[in-house]
Each structure stands twice: as structure tokens, then as C-alpha cells.
J.: 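Okay, handing you the structure first.
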Amino acid sequence: MPDGEEVEGQEDSPDEPESPTTPQVDLAVISTFLLESERTVREGQLDSVRQVLRNMFPGNLWTITPNENSYSPDSHSNLYNAEVGGGFRTWLIAQGADVARYKSAIGPTQYVSLDLQLKSLTPHFMGNKGWRLRLVGFPSIDLIVIGLGSHYQGTQSQKKMGAASGLIREMANQVWGPELKELAQGFPNANAEHWDRRGLMGEPILRIGDLDISGFQDGIGAELRMVRNTTVKKELATFFALTGMNKHDFDSRGYEVISTMRSLALRLGEDR
Amino acid sequence: MNPFAHLDQFEAMRAAALNGPVEYQKFIRRRASESRRRAGREVQLQFSHRVERMVRLAIASSRAVLLVGPPGTGKTDMLERIVEEFDQDPAKFGLRTAEVQALWVTPEEEWTFDRLVLGETVVEGKLTSVEGEVLRSISSNKWLVLDETNRADMDRVLGGVLTWLSGKRVNVGVWREPSSHSSIPVFLDWTDSADCTVNTTDSPEISRVYLGGTDWRLLGTYNAVDAQRVFRMGQALSRRFKHVPIPPASTEDFRTIIRGHIADERLLSVLTDRITSLYDAHLLVADAQLGPGLFIDIPAYVERGFAMAFDAEIARRDANDASSPEEAATANALVDDNEETQSIGEAEETSAPETLSGSLTELEGEDQPGESAPLLAAQVEADLLEELLAEAYLISVGNITAKYEPEILQELGQRFTESHALSFASWGWILESMKSMRA
């Protein structure tokens with residue numbers, strides 16, 4: 001179904017969330033796409049993904065832009081030797097997992113995202129400028145991040161970006177007003193816990209790809225820095241409202257979260 | 001304006017946030033200031049919409065129009081804008097002329113008929129006629145705009161032109177050329193053409209005729225309040241003009257307008273209240289009404305005054321820090337005196353009010369000696385505010401109020417002090433200062 005074409009039965013008002021049981025909103029289609037590591041497979045899923053998303057984000061209001069971030073040739077060794085941290089690397093070595101094994105476990109794709117931007121904000125393509133509602137999947141650790149974020153151009157420091165996101169969040173709270181501000185309380189602005197550690201994980205993540213890490217520190221689980229590079233760290237720092245879910249939770253509860261984010265985004269997009 | 005709803009606004013906010021909390025706060029303050037300015041402009045536009053419509057339609061349909069109202073109501077600005085509108089699209093207003101140009105003059109008390117209509121001078125020893133403003137406007141096919149017509153005795157100055165404004169041909173004098181010894185009569189008359197022309201006719205007699213076109217206009221502004229003390233317009237002249245009243249803004253509208261002219265958030269509340277009280281007092285006293293235009297520069301004066309006082313205090317402290325122990329001891333004694341003043345102030349109040357200079361250092365994130373100590377004591381700031389407000393009022397409005405009758409001044413002073421717009425002492429100082437303005 002082409003973008004912008006109305007779906008039968010859909011109400012005209014986009015900020016009226018559909019019933020969670022509406023069959024057109026099959027979030028499993030979304031989560032499968034976001035957590036698919038192979039590009040060729042994702043390409044075949046894209047049409048279905050757009051159809052599902054258009055039920056929540058009609059074409060007259062929103063642009064939908066799929067993105068992906070693949071690991072570069074040096075990424076895996078950089079992750080293994082620097083980002084993962086000495087303790088985990090020592091454990092990996094003890095398990096006989098070298099760089100090649102780690103690379104094989106993580107796979108080729110760092111993240112897959114679906115970026116939803118209000119057309120009122122950017123009627124024409126403006127590159128990375130502005131803010132957007134993002135669904136970001138990390139295939140290697142079964143993690144989907146949902147949130148509102150901008151872009152990291154203009155800084156090389158995730159700390160600075162994170163601090164800026166905090167200030168942007170303050171302004172967003174003012175724009176939202178008391179009710180939406182309260183609704184947004186469950187979705188904080190990004191900090192180091194989110195872009196480095198376990199702040200986005202509801203439960204410990206015990207696998208990195210096909211690598212079982214449940215034996216590491218009594219099942220403490222993966223940190224995000226084990227699978228993301230510095231660029232993605234900065235991207236995450238741009239979020240001024242975010243949360244994380246695994247696929248199971250996304251498929252069962254994700255609709256409510258996305259609806260809330262959509263409401264927050266729509267209010268931010270209102271010129272008043 | 002919601003910065004998230006506009007890409008450029010969002011990017012500006014994002015860039016300010018990236019520069020840290022101090023820069024971000026500056027951005028927020030600038031944004032708030034711009035928002036207030038916009039609100040003030042919107043109030044002014046809403047307020048003047050109907051009035052401007054009256055002015056446009058009066059000019060479109062009448063030969064002579066006067067805008068009448070107290071000073072500071074924007075009569076001249078409005079007329080400039082509207083004349084410009086007529087020039088951009090004369091046909092829209094029912095005119096046939098191709099363009100509209102205006103000759104702007106401000107009558108003076110000493111003006112005579114010669115100056116305004118037809119005069120004479122001596123060229124190479126010979127009497128030569130000189131077109132006055134009226135004839136000049138006709139010969140150049142320009143509208144004539146008399147700004148502040150109350151400054152001259154227009155009844156006397158316009159003379160026979162009044163009859164011409166009624167649509168009749170009138171003789172306004174004789175024309176003398178230096179090259180000839182003869183003189184020919186000069187007439188003002190009208191033509192059915194849109195544009196003005198000047199003809200020399202020889203029938204029934206040789207004469208020079210200035211013909212006003214159908215699209216020619218005589219416009220003016222008139223300060224009805226000031227006229228109490230200058231020149232009233234007589235009935236005969238007054239009848240020839242359409243009068244469009246330009247009233248001053250209401251107190252509530254003024255409050256919104258003045259907020260748009262206050263840049264400093266720290267002074268926003270106190271200046272809005274005090275200056276609005278000044279304006280309101282004028283509004284309530286008969287023959288003392290003034291428009292917002294005369295008050296809008298007061299905030300800038302006060303803000304600059306505070307900024308200079310803060311800078312001076314910072315310089316003084318820096319000098320003290322670098323000075324000898326003896327000088328430091330002296331300086332500390334002065335500071336102690338200041339603190340004593342502050343404690344005197346505090347004795348009268350249950351708690352010391354937050355100071356502007358204290359919030360200044362907090363906002364700027366600067367470390368000042370005795371970090372939490374403000375630059376100026378609360379009482380010093382209060383006294384400074386009172387002084388600056390009185391000074392700003394004097395230089396903005398004093399030249400007008402200086403000419404008020406004593407009863408009006410008395411009533412104004414009473415309203416000022418009762419509303420706490422100014423202290424009794426400040427009003428006394430203003431009255432004394434205005435004496436030198438009554439020349």
C-alpha cells in the first residue's frame with residue numbers, strides 16, 4: 001500500500017490511537033525487521049513494515065525513513081579491544097572467543113532504524129536536521145530502542161550531547177505541559193547508563209548473537225558498549241526521551257509505548 | 001513560539017544547548033524577550049486595525065484628512081505607512097494616479113500665509129514670487145502632509161485656501177517673475193483630472209492657475225492635547241477636514257506593549273508594573289493623555305543604567321582585589337558601610353529581597369567574591385531603580401508635561417505616588433527638573 005493512502009477504517013485524526021488489538025498493527029513485523037541482521041532479508045520486509053507503520057503514522061503527517069548502520073572492517077576489533085571493557089574481554093578470552101568469534105557472533109549490522117519525522121517540521125529533505133521519533137534495533141542483543149532524538153552534528157562529545165539533550169528535554173517538558181510531562185516521565189533523556197551500560201535493558205541480555213554470555217559475572221548481562229561504536233554512542237546521546245525493550249516486550253507492549261511517543265511528538269510539532 | 005515546531009528554532013535551541021547551560025539560558029531569555037516583543041506588536045496591530053481602516057478609507061474618500069490624538073499614539077508613523085500603501089497600489093484605493101508621493105512639512109508657530117501658500121523674495125534686487133508648500137505640492141503633484149498642525153495658527157496661515165478646499169476657485173495673490181515687471185494673479189482651482197497641474201491661462205485674463213487633481217490630498221496630524229497650549233483649529237478650517245481619532249492604547253494593551261520592550265528578564269516584572277502605572281496615570285488625568293510611543297524607551301534607559309552600575313561595581317571590586325592592604329582595609333570599610341546599609345534595610349523588612357545583581361552572577365555562572373553575595377545591596381538597587389525610572393520619565397515625557405497646568409501636574413503627581421509608580425521624592429525632583437524645560 002503506497003504511503004499516504006488511507007487505510008479503510010482508519011480515523012482521520014492521527015493522534016487518536018487505535019485499539020491495541022487492531023490486526024493492522026502487527027508489531028512483530030516491525031521488530032523482526034529491526035532485529036534482522038541481513039540486509040537482503042530486510043529489503044524484502046520493507047513494504048510490509050511501511051504498511052504496518054502507516055496505520056499509526058499516516059503519510060500526510062509523517063515521513064518514514066529506514067536506516068541501517070553496518071559495522072566497518074575495524075569495528076569488531078575496536079569493540080573487542082577497547083569498548084567491551086577489560087573484564088568482559090578477559091572473560092571472552094577465557095571462553096576462547098577471539099575477535100573473529102566475536103565478529104561472527106555480532107554479525108554485520110550494528111543497528112537498524114526506522115525514523116519518523118513530522119512533515120510540518122521538514123517538508124523537504126533537510127538531512128539530519130531537526131528531531132524525530134526513532135525505532136532503533138540492535139540485532140546482536142535483541143534490543144529495540146524507542147525514543148525522540150535529534151542529531152549529533154556539531155559535537156564530538158557524547159557527554160556534551162547528552163547534556164544538551166537534557167536541556168532540550170527541559171524545553172520539551174514545558175511544551176508538553178503537566179499531563180504529557182507526566183506521561184513522558186517513563187522516558188528519560190539519554191545518559192551514560194543508556195549509551196554505555198544497561199540502562200536500556202529491562203532484563204539482563206544473556207546472548208550476544210549466538211554467543212552465550214550468561215556465565216559472565218553471574219549473568220549480569222550485556223552492556224550496550226559491547227556492541228556499539230562511538231558514533232552510535234553519540235547518536236544515542238541525542239535522545240531526549242527514550243526507552244528500550246526486547247522483541248517479546250516490543251511485540252506485546254510496544255504499541256502503547258509507540259503511541260505515547262507519537263502523542264509526545266505530535267504535541268511538540270504543534271505550533272502554539 | 002514552540003521551538004520544536006520550527007526547524008530553524010529547534011536547531012538554534014540545540015546549538016545553544018550544545019554550548020552549555022549558560023549559553024542555553026541566554027537563548028531562553030532571548031526567546032522570551034522576542035516572544036514578548038511579538039506579543040506587544042500583535043497588540044499594537046490589533047489595536048490599530050480599525051483605526052487604520054478609518055484612516056485609509058478617509059484618505060481614499062476625502063480631500064483633506066486629519067489624524068487627531070495625543071502625542072505618542074503613532075499618528076505620524078501610521079500616516080507614513082498608509083501613504084506608502086497608497087503609493088504601492090493607488091488603484092486599490094480608487095485612485096487614478098500612477099503614483100503617490102508626499103511632501104512632508106512641520107508647521108512652525110511663526111509661519112505665515114507666505115510660507116505655506118505664496119510668498120516673495122528678492123532675487124537680484126527684484127521681487128520674485130516663491131511657491132509656498134501648498135503651491136509647491138500642487139506644482140510637483142505631491143500630496144501635502146502637515147505634521148503637527150497644532151504648532152501653527154493654521155486658520156491664519158491657510159487663509160483663503162479654506163475656500164479652495166471647499167471646491168471653489170480662489171485668488172491667493174500675484175505672481176512676479178524677476179524677468180518681467182508685471183505681475184499676474186495666482187489662482188487655486190480644481191481639475192477633473194487625477195493629477196495636479198499648473199497652467200498659465202490668458203482667458204479671461206492672464207493668470208497662473210494651480211489645479212488640484214482629484215487624487216490630491218491634504219493630510220495632517222494634530223495633537224489635540226498639545227493644542228491646549230499652542231493653536232486650536234478654528235471651526236472654519238476644522239470643517240474642511242475629516243478627523244480621524246487616534247486614541248491612546250488602553251492600560252492593558254500598554255502593559256503587553258511595554259513588556260515587548262523589556263529585554264532583561266530580571267527587570268520584567270518591576271518595570272512592567274511601574275511604567276504601566278506611569279502610563280495609566282496619564283491616561284486617567286484629563287488633558288494629560290499620552291500614547292505608548294513616549295514610554296517605550298524607558299526600559300532601555302533603566303536596563304542600561306543597571307548594566308553600567310554593575311560594571312562599575314565589578315571594576316571597583318577588581319581594583320580592590322589588586323590594591324594594597326591599606327587600601328583594601330579602606331575598601332572593606334566601604335563594603336562594611338554598604339552591608340550596614342543593607343542590614344538597616346533588612347531591619348525594616350522581615351527578609352531581604354532577592355537582588356538583581358545576585359541573580360546576575362547566578363545566571364552568568366561567574367564566581368564572585370563571597371559567591372552568594374550580590375554585587376549591590378538590595379536597598380542600593382531599589383534606590384537606583386527609582387532614580388533611573390524618574391530620569392527616564394523626565395527625558396521621555398518631561399518636555400510635554402513641563403507645559404501642563406499646575407492642577408494637572410498636581411493630579412498626576414498624586415496618581416504617581418499613590419500607585420507607587422514614582423516616589424514622592426522622585427516626583428519632586430522631576431518637577432524641579434522640568435522648570436528648565438519651560439523656556
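Proteins get letters first, then strands, A, B, ... in listed order; numbering begins at 1 in each. Values reported hereafter were calculated over all heavy atoms of this structure, with side chains retained and with hydrogens, waters and symmetry mates removed.
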J.: Taking the ring centre of each residue, are Phe4(B) and Phe240(A) less than 6.0 Å apart?
T.: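 Distance test on ring centres: under 6.0 Å, yes.
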J.: Does Thr238(A) use its side chain to pair, donor to acceptor, with the backbone of Glu235(A) at less than 3.5 Å?
T.: yes
J.: Can you say whether Ala265(A) sits under 4.5 Å from chain B via the side chain, the backbone, both, or neither, judging by heavy atoms?
T.: neither
J.: Highest number of heavy-atom pairs under 4.5 Å with chain B: which of Ile168(A), Leu118(A), Val175(A)?
T.: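 Most pairs with chain B among the choices: Ile168(A).
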J.: Using the rule given for salt bridge (Lys or Arg N to Asp or Glu O under 4.0 Å), can you reason through Glu313(B) versus Arg317(B), listing the C-alpha separation, both sets of side-chain angles and the distance that settles it, and then say yes or no?
T.: CA-CA 6 Å; Glu313(B) 180 59 19; Arg317(B) 291 191 182 191; 3.1 Å; yes
J.: Please confirm whether His282(B) and Tyr393(B) have ring centers closer than 6.0 angstrom.
T.: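 Close enough - the centres of the two rings lie under 6.0 Å apart.
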J.: Heavy atoms only, distances under 4.5 angstrom: which of Gly166(A), Ala163(A), Gly154(A), Ala172(A) has the most pairs with chain B? Name it, please.
T.: Ala172(A)
